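Just below is one structure, and these are the notes that go with it.
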Amino acid sequence: MHNQWDVELSFEEDGVHTQCDARLVGARAPGLNGHGEAVRSADDRPLARIGEEMAASRALEELSRKLRTQVTGEIDDEGHRPAYLIY
C-alpha cells in the first residue's frame, strides 16, 4: 500500500509580522493544521525569508504536536490502555 501526505505552507506578511499556516494534505491525511508567527525586531534588516522560516518552523511544531496528540489518543482507544510513545 502506498500513501502520501504533503505539507502545504501558506504565508501572510506585512513587513513586520509573518504568519504561517501549515496543513497536511492528501487523500488519507488527517485534517490537521498548525499556525506559527514571527515578528521582526526594529533592529533587524527586513529579510522576508527569515520571518517565513521562523513562522514555518513554529507552524510545523504545532502541527507535529497535534499529530502526536491525535495518534496517542488513537492508540489509547485501540488498546484500551494508556499509550507510551517511544521516540
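Predicted model, so just to flag it, every value in this text is computed and none were measured.
Between the side chains of Asp21 and Gln19, no donor-acceptor pair of N or O atoms lies under 3.5 Å. If you check the side chains of His35 and Glu37, you find a donor sitting under 3.5 Å from an acceptor.
Other residues, nucleotides and ligands contribute at most 12 non-hydrogen atoms within 6.0 Å of the CD atom of Glu12.
Across every non-hydrogen atom of Ala38 and Gly51, the tightest pair is CB-O, 3.6 Å. Trp5 and Ala29 get closest at one heavy-atom pair: NE1-CA, 3.4 Å.
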Side chain to side chain contact (heavy atoms under 4.5 Å, CB included) evaluation trace for Glu61 with Arg65: CA-CA 6 Å; Glu61 284 177 317; Arg65 283 191 304 272; 3.8 Å; yes
Check against salt bridge (Lys or Arg N to Asp or Glu O under 4.0 Å), Glu62 and Lys66: CA-CA 6 Å; Glu62 182 177 288; Lys66 287 181 177 181; 3.5 Å; yes
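Residues Arg23 and Val7 form no side-chain contact, since every pair of their non-hydrogen atoms from C-beta on lies 4.5 Å or further apart. The side-chain heavy atoms of Glu52 and Cys20, taken from C-beta on, include no pair separated by under 4.5 Å. Residues Leu24 and Asn33 are not in side-chain contact: their nearest non-hydrogen atoms beyond the backbone lie 4.5 Å or more apart.
Note that OG1 of Thr18 is 12.5 Å distant from CZ of Arg49, once rounded to the nearest 0.5 Å.
Under a 3.5 Å cut-off, the side chain of Ser64 and the backbone N or O of Leu60 do not form any donor-acceptor pair. With hydrogens and angles disregarded, a donor-acceptor distance shorter than 3.5 Å links the side chain of Arg40 to the backbone of Gly15.
When hydrophobic clusters are built by joining Ile, Leu, Val, Met, Phe, Trp and Tyr residues whose side-chain heavy atoms come closer than 4.5 Å, directly or via intermediates, Phe11 is not grouped with Met54.
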